[in-house]
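Encoded as structure tokens, the structure appears first; notes follow it.
By convention in this document, chain letters (A, B, ...) are assigned in the order of the sequence lines, proteins followed by strands, and residues within each chain are numbered from 1. The structure presented is a predicted model; accordingly, all values stated were derived computationally and were not measured. Just so it is clear, the values below take in all heavy atoms, side chains as well, and ignore hydrogens, waters and symmetry mates.
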Amino acid sequence: MAALPEIRNYTFNFGPQHPAAHGVLRLIIEVDGETVVSADPHIGLLHRATEKLAESKPYIHSIGYMDRLDYVSMMCNEHGYVLAIEKLLGIQPPVRAQYIRVMFDEITRILNHLLWLGAHALDIGAMTVFLYAFREREDLVDCYEAVSGTRMHATYYRPGGVYRDLPEKMPQYKVSKWHDAKQVAAMNENRQGSLLDFIWDFTERFPKRVDEYEALLTDNRIWKQRTVGIGVIAPEQAIAMGLTGPMLRGSGVEWDLRKKQPYEVYDQLDFSIPVGVTGDCYDRYLVRIEEMRQSNQLIRQCVTWLKQNPGPVMTDNHKVAPPTRVHMKEDMEALIHHFKLMSEGFCLPEGEAYAAIEHPKGEFGVYLVSDGANKPYRLKIRAAGFSHLAALETLIKGHMISDVVAVLSSLDIVFGEIDR
Amino acid sequence: MLSIKELSTQVNARFGRLLEQSIIACDELTIVVAPQHLHEVCLALRNESEFDFKLLIDVCGIDYLQYGISEWETNAATATGFERGVEVGALEEASYKGPRFASVYHLLSLTHNHRIRIRVFLNETELKVPSVVDIWPAANWFEREAFDLFGIFYLGHPDLRRILTDYGFIGHPFRKDFPLIGNLEVRYDAALQRVVYEPVSISPRILEPKVIRRDNRYQVGE
């Protein structure tokens, strides 16, 4: 009898430069034939020491760094950070600012889930969804631009409120060599009113757009073959691995900080929490799709409230928030406050605080230790993606190589927040 | 859902002398535990039904080396004014006299909807703490991170490798005596046709000095 050939396991690199690695992930995969035996993620290739940088700067300077953590859900990161500062200071932003924050958190959730959906579908092999998702994202980044001046890294949330009130006029397209007057008029059709009108118009359109994505994917045979029963995680295991957000809800655990530990005005708004059943990639997909619909509902409730209730969007505590320009030129006290804030910032009382929000990806927490100075003594960012990626090996052991990509993109990881 | 006071009473009653301290601040409960009791306390917090802390949110290190040290003296400044800039390392003496390091755990209970923070102080000479990976598998990467950034050893961790820093990195970058600009920089050397490591060519600067206001006018939120 001829000797059987010796078959050994094969180890190879996935990334760090791989289109489906969602950034710079180096994954060392050991396979037995086509089956994954072990997977060891090497992270840190995007490590910028955000937490250490923040220790050397006044509190307010680090808000911009928060945008660059999870760079597809910018304002939610800012939210976690300013909440921690507000908790330690013991201040509350005005109600209007809270509604604006909730509205932009939900806009951000849609932004995040759209990018996730597009990338997830692209990884599995469906190109079209990616293009559709970016069509809607464009409108939402325009909302970012209208309030903050930037399309991504907004730096809009501040301790004590938000940087400024919503604009009365939505910025419009101008005639260029690519678009003539007729085209521009069509593009500006929904930009005639205020930002709130534009957002309202978006929420009218968006549910139909979600139906379109679902028409492409939900009952698609190939999509289901690639995601149903792939990367299953049981609820007990998901909790033990520290999963939060849609990853946990996909396994059927009804846990959402917006409901369970409400912050801002979430307790006054009407929405529901979708949960999955089996905890596979398909359920996580369904959960995120439904979350987009719920976010749309939340945005509509916020728009309605904001249209009826004008008011301040920043606290009048000028130890924390700068006074208005006009005020500053007439009042000595205001001038001093302005000078103090711009030169050394504000000091937080000695102590520590942990503030968490329901980030699109899961629980985003900021642990802040202050020794009474104008700079954080220690800032720890608890990013949801970090725990999710740590659970990757558990999720893909025993699956095929092609499923690695499906499972990896169902985690919704972004290296800005994992490597920090 | 229990109030934070009730939770504190429960925790104190259950653990009693195992706790060195139990603090409520900002509506959060912090307990301080000695390293040798950490494992026992954590196991009880996870398993016993009145606590049920099944979800480990976070583990992180803290270095208290420069705690309470400011770069600008504010007490005398009313008479003399501030100096223009500060030299790196020109620090006044610390008022903090506790152990240098701490390992901090944040736990969450999904059934009771409450949180707790556990802090373990560690001396520089005895930088070891039992790992909690066997209690919460989620601790694996968090402990690797704290080891990488602070050099805290988690005894019993199955795979205590560096996680965020470069392959072959020397030192623990989040310690307060590690320079913000680092020690080494990399660049591509065209002649050697590879990336080379060199000592950093920039010098550290402080743009806004660290100020600690003792002045009551600047105590906000009190």
Side-chain angles (χ1 to χ4, degrees), chain A residues 42-45 47 49 51-53 55-58 61 87-91 236-237 239-244 248 253 255 260-261 317 319-320 340 343-354 356 363 365 367 369 371-375 377-378 380 382 386-387 389-391 394 419-420, chain B residues 1 25-28 30 54-58 60-64 66-72 96 104 106 108 110 113 115 117 135-142 145 148-149 159 162-167 173-174 176 178 180 182 206-214 217-222:
Chain A
H42 283 205
I43 62 167
L45 288 107
H47 180 56
E51 294 159 358
K52 190 167 175 97
L53 282 169
E55 288 170 13
S56 69
K57 290 175 173 55
H61 290 200
K87 196 169 188 182
L88 214 47
L89 278 170
I91 57 170
E236 302 78 37
Q237 206 181 5
I239 293 170
M241 295 301 297
L243 305 189
T244 47
L248 187 59
V253 182
W255 180 261
K260 304 285 179 179
Q261 300 177 358
N317 180 345
K319 303 282 184 232
V320 180
K340 280 302 210 189
S343 58
E344 66 171 46
F346 49 83
C347 295
L348 253 57
E350 189 177 343
E352 52 188 355
Y354 177 83
E363 174 167 333
Y367 173 47
V369 181
D371 60 348
N374 58 339
K375 300 175 180 180
Y377 186 76
R378 168 93 169 102
K380 173 70 204 312
R382 192 270 179 200
F386 192 79
S387 308
L389 189 59
T394 325
D419 291 348
R420 281 158 288 145
Chain B
M1 186 184 170
C26 289
D27 215 20
E28 293 168 0
T30 309
K54 288 274 191 290
L55 192 70
L56 177 82
I57 288 289
D58 188 38
C60 71
I62 302 180
D63 176 5
Y64 283 100
Q66 295 170 359
Y67 192 82
I69 299 180
S70 57
E71 285 154 341
W72 260 10
Y96 176 81
V104 179
H106 285 92
L108 172 68
L110 299 181
N113 194 7
R115 292 174 187 272
R117 178 187 300 132
I135 305 177
W136 297 284
N140 188 330
W141 276 25
F142 288 119
E145 184 189 318
D148 187 1
L149 302 178
D159 183 24
R162 284 186 180 274
I163 186 164
L164 289 176
T165 50
D166 196 1
Y167 302 109
F174 275 34
K176 290 281 177 174
F178 191 94
L180 182 63
I206 292 176
L207 298 178
E208 284 90 2
K210 185 176 166 190
V211 181
I212 297 180
R213 290 269 163 214
R214 313 260 180 234
R217 280 178 303 167
Y218 296 94
Q219 295 290 314
V220 253
E222 293 287 319

- Message: Need one label for A:E55: side chain, backbone, both or neither, based on atoms under 4.5 Å from any heavy atom in chain B.
- Response: side chain

- Contact class of B:I135 relative to chain A, heavy atoms under 4.5 angstrom: neither

- Message: Using modelled atom types and a 3.5 Å cut-off, is there a donor and acceptor pairing between side-chain atoms of A:R378 and backbone atoms of B:G61?
- Response: yes

- Query: Can you name the nearest heavy-atom pair linking A:Y377 to B:D63, along with the distance?
  - Reply: OH-O, 2.6 Å

- When the ring planes of A:Y367 and B:H106 are compared, do they come out parallel, tilted or perpendicular, using 30° and 60° as the limits? perpendicular

- Which atoms of B:R117 come close to chain A, meaning under 4.5 Å heavy atom to heavy atom: side chain ones, backbone ones, both, or neither? side chain

- Query: For the residue pair B:N113 and A:W255, what are the closest heavy atoms and their distance?
  - Reply: OD1-CH2, 3.3 Å

- Message: For the interface with chain B, which of A:G345, A:A240, A:S343 has the highest count of heavy-atom pairs at distances below 4.5 Å?
- Response: A:A240

- Message: If you compare all heavy atoms of B:L55 against all heavy atoms of A:G242, which two are closest, and at what distance to 0.1 Å?
- Response: CD1-CA, 3.5 Å

- Task: Please look at A:T244 and chain B and tell me whether the side chain, the backbone, both or neither of the residue comes under 4.5 angstrom of a heavy atom of that chain.
- Result: side chain

- Query: Do B:Y64 and A:D371 come within less than 4.5 Å of each other through their side chains, counting heavy atoms only?
  - Reply: no

- Using non-hydrogen atoms and a 4.5 Å limit, figure out which bit of B:L56 sits close to chain A: side chain, backbone, both or neither. backbone

- Message: Determine whether a donor-acceptor pair (N or O, by modelled atom type, separation under 3.5 Å) exists between the side chain of A:K380 and the backbone of B:D58.
- Response: no

- Considering only heavy atoms, which portion of A:L243 lies under 4.5 Å from any heavy atom of chain B: side chain, backbone, both, or neither? backbone

- Query: So, do B:L108 and A:Q261 sit near enough that their side-chain heavy atoms are less than 4.5 Å apart?
  - Reply: yes

- Message: Students often mix this up, so state it plainly: with edges at 30° and 60°, are the rings of A:F386 and B:F142 parallel, tilted or perpendicular?
- Response: tilted

- Query: For the side chain of A:K52 and the backbone of B:P173, is there at least one donor-acceptor N/O pair under 3.5 Å apart?
  - Reply: yes

- Message: How close do A:A353 and B:E28 get, counting heavy atoms only, and between which atoms?
- Response: CA-OE1, 3.5 Å

- Return the minimal non-hydrogen interatomic distance between B:R115 and A:A356, and the atom names on each side. NH2-CB, 3.8 Å

